[in-house]
Amino acid sequence: MIDILYLTFNRIAYTRITLPALIKNAGAEFSLTIIDNGSTDGTVEYLKAMQKKHKGTIKEIIFNSENIGLSLPTNVFWKTSKAQFVGKIDNDTLVPEGWLARLLEAHEKSDKLGVVGGFHFNMAYVDQEALKRRVISVDGVSLVPDAFIGGCCYLLRKTVQQQHGYLAVDHAKKTSGWTEYQQAIARSGYLNGYLYPLLEVEHFDDPLSEYNLAYTKHREMSVISMGEKGIGNREEQLKWYIRDAKRVEMGLSLAQMGFKVPMADSDDN
């Protein structure tokens, strides 16, 4: 019924924390596909050991010889999945107890949802009351709507994925395609957003995360993931996270696409 993709590229310190939590905290049955993008730090051996331990859950591990980015592995996963729902958790994302059960419950209540997922920003970055005013309800599901959400923790109905095809692949950029894909889903009339009450996930690359190793031990990955956004150090990264969180708080991405930004005290709710 549910297939989840877990992507890895080195950063074994992250994987040792987030992969066991992903499996333990799901709260719903699912199959896990892991795609490794050419890790050389012991990740390959660790993943094989985890598959032996969790053979009922880890359906398949694909080992790529090099880092081919985000879009290609995601497309391969989508093409082979026969599940009703598909989702992804990144190896720098720690999910809370019941994360998958909540995402599944939302989709089962409403077929108006596109991509829904966990809130990956530190709460210090947002005005929580202002964010709460952005919450809307549809078919009994409360969420903070947005044109697109982070790709580190999400669930998507397979029929919506099939309707919109696959991620565009830019061989010059390893992290491109996800934002534009969700914008197309929003234009089709589906609601993307963060479940509310917020499903808080910890994003280890967030500079305020206690697990953060970006621009230190994991500089190589930081240069890929942040460098493509024009961010070259931890200070710039922190500013980017704050700006991105405020973008969500204010509904700027919806406004830029020409959508009215719903507020809790408006007539649209």
TODO: Evaluate side chain to side chain contact (heavy atoms under 4.5 Å, CB included) for Ile58 paired with Ile23, printing each intermediate quantity in order.
DONE: CA-CA 9 Å; Ile58 301 177; Ile23 296 170; 4.3 Å; yes
Task: Donor-acceptor under 3.5 Å (Arg134 side chain, Val248 main chain) - done: yes
- [ ] Kindly give the heavy-atom pair with the smallest separation between Gly114 and Ile185, and that separation in Å.
- [x] CA-CG2, 4.0 Å
Task: Non-hydrogen side-chain atoms of Leu155 and Ile4 separated by less than 4.5 Å - done: yes
Task: Single-linkage hydrophobic cluster Tyr14~Ile17, side-chain heavy atoms < 4.5 angstrom - done: yes
TODO: Go through the steps to decide whether Leu32 and Lys59 satisfy the test side chain to side chain contact (heavy atoms under 4.5 Å, CB included), and finish with yes or no.
DONE: CA-CA 6 Å; Leu32 184 64; Lys59 177 175 66 175; over 6 Å; no
Task: From Asn192, Ile89, Ile149, residue fulfilling side chain to side chain contact (heavy atoms under 4.5 Å, CB included) relative to Tyr154 - done: Ile149
Task: Main-chain N/O of Gly193 paired with Asp146 side-chain donor or acceptor, under 3.5 Å - done: no
Task: Shortest non-hydrogen contact from Ala101 toward Gly27 - done: CB-O, 3.6 Å
TODO: May I ask you to test the Leu199-Pro96 pair for a side-chain heavy-atom distance under 4.5 Å?
DONE: yes
Task: Asp206 versus His120, side-chain donor and acceptor atoms under 3.5 Å - done: no
Open item on the list: Side-chain heavy atoms nearer than 4.5 Å, only ILVMFWY residues, links allowed to pass through others: does that put Leu252 and Phe119 together?
Closed with: no
Open item on the list: Return the CD to CD distance between Gln183 and Gln256, rounded to the nearest 0.5 Å.
Closed with: 9.0 Å
Task: Distance in Å, Met50 CE paired with Ile34 CD1, rounded so as to fall on 0.5 Å steps - done: 7.5 Å
Task: Main-chain N/O of Ser39 paired with Thr43 side-chain donor or acceptor, under 3.5 Å - done: no
TODO: Check whether more than 12 heavy atoms from other residues, nucleotides or ligands sit under 6.0 Å from atom CD of Gln163, and answer yes or no.
DONE: yes
Open item on the list: Could you report the tightest heavy-atom contact between Gly251 and Val261, atom names first, then the distance?
Closed with: O-CG2, 3.3 Å
- [ ] Determine, step by step, whether Lys109 and Glu105 satisfy the salt bridge (Lys or Arg N to Asp or Glu O under 4.0 Å) criterion, reporting the C-alpha distance in whole Å, the side-chain angles of both residues, the deciding distance to 0.1 Å, and the verdict.
- [x] CA-CA 6 Å; Lys109 284 183 176 180; Glu105 180 185 27; 3.8 Å; yes
TODO: Identify the two heavy atoms, one from Met257 and one from Ala147, that lie closest to each other, and give their separation to 0.1 Å.
DONE: SD-CB, 3.4 Å
Open item on the list: Side chains of Leu195 and Leu103, heavy atoms from C-beta outward: is any pair under 4.5 Å?
Closed with: yes
Open item on the list: Donor-acceptor pair, distance only, cut-off 3.5 Å: does the side chain of Asn122 make one with the backbone of Tyr125?
Closed with: no
Open item on the list: Do Gln51 and Lys55 have side chains that approach each other closer than 4.5 Å (heavy atoms only, starting at C-beta)?
Closed with: no
TODO: Could you walk me through whether Arg234 and Asn212 pass side chain to side chain contact (heavy atoms under 4.5 Å, CB included), step by step?
DONE: CA-CA 10 Å; Arg234 190 181 184 279; Asn212 180 270; 4.0 Å; yes
Task: Aromatic plane relationship, Trp78 with Tyr166 - under 30° parallel, 30 to 60° tilted, over 60° perpendicular - done: tilted
Task: Salt bridge present between Lys48 and Glu45 (N-O < 4.0 angstrom) - done: no
Task: Distance, nearest 0.5 Å, that separates SG of Cys152 from CZ of Phe204 - done: 11.0 Å
Task: Donor on one side chain, acceptor on other, Tyr241 and Asp205, under 3.5 Å - done: no
Open item on the list: Quick one: does any side-chain atom of Ser81 pair with a main-chain N or O of Phe77 as donor and acceptor, under 3.5 Å?
Closed with: no
TODO: With Thr8 as reference, evaluate Leu47, Asn37, Asp90 under the side chain to side chain contact (heavy atoms under 4.5 Å, CB included) test and give the passing residue.
DONE: Leu47
- [ ] Tell me whether Val138 is reachable from Leu104 by hopping between hydrophobic residues (I, L, V, M, F, W, Y) whose side-chain heavy atoms are closer than 4.5 Å.
- [x] yes
Open item on the list: Tell me whether Glu235 is salt-bridged to Lys239, with the criterion being a basic N under 4.0 Å from an acidic carboxylate O.
Closed with: no
Open item on the list: I'd like to know if the side chain of Ser209 and the backbone of Tyr211 have a donor-acceptor N/O pair within less than 3.5 Å.
Closed with: yes
Task: His107 backbone acceptor or donor facing Arg157 side chain under 3.5 Å - done: yes
TODO: Taking the side chain as every heavy atom from C-beta outward, state whether Phe121 and Asp244 have any atom pair closer than 4.5 Å.
DONE: yes
Task: Ser188 side-chain N/O to Ala184 backbone N/O, donor-acceptor pair under 3.5 Å - done: yes
Open item on the list: Less than 3.5 Å apart, any donor N or O on the side chain of Thr33 or Glu60 sitting next to an acceptor on the other?
Closed with: no
Task: Closest non-hydrogen atom pair between Gly177 and Ser71, with its separation - done: CA-OG, 4.1 Å
Task: Stepwise ring-ring contact (aromatic ring centres under 6.0 Å, His included) test for Tyr196 and Tyr194 - done: CA-CA 6 Å; Tyr196 197 88; Tyr194 299 97; over 10 Å; no
Open item on the list: Count I, L, V, M, F, W, Y as connected when their side-chain heavy atoms are under 4.5 Å apart, and connections chain through other members. Are Tyr46 and Ile61 then in the same cluster?
Closed with: yes
Task: Same apolar cluster: Met250 and Val126, side chain cutoff 4.5 Å - done: no
TODO: Verify, without hydrogens or angle tests, whether Thr18 (side chain) and Asn91 (backbone) share a donor-acceptor contact under 3.5 angstrom.
DONE: yes
TODO: Could you tell me whether the side chain of Leu198 reaches within less than 4.5 Å of the side chain of Leu131, counting heavy atoms only?
DONE: yes
Task: Chi angles and distances behind the side chain to side chain contact (heavy atoms under 4.5 Å, CB included) call for Val86, Leu5 - done: CA-CA 8 Å; Val86 289; Leu5 171 64; over 6 Å; no
Task: Rounded distance (nearest 0.5 Å) linking atom CG of Leu100 with atom CZ of Arg102 - done: 12.0 Å
Task: Between CH2 on residue Trp178 and NZ on residue Lys88, distance to nearest 0.5 Å - done: 7.5 Å
- [ ] Measure the CD-OG1 distance between Glu66 and Thr40 for me, rounded to the nearest 0.5 Å.
- [x] 13.0 Å
Task: Validation row: Met1, Glu29 side chains within 4.5 angstrom (heavy atoms) - done: no
Open item on the list: Main chain of Gln161, side chain of Tyr181: is a donor-acceptor contact present, judged purely on distance under 3.5 Å?
Closed with: yes
Task: Any side-chain heavy-atom pair of Val141 and Leu113 under 4.5 Å - done: yes
Task: Plane angle bin for Trp99 and Phe30 - parallel if under 30°, tilted between 30 and 60°, otherwise perpendicular - done: perpendicular
Task: Non-hydrogen atoms of Leu254 and Pro145 that approach each other most closely - done: CD1-O, 3.6 Å
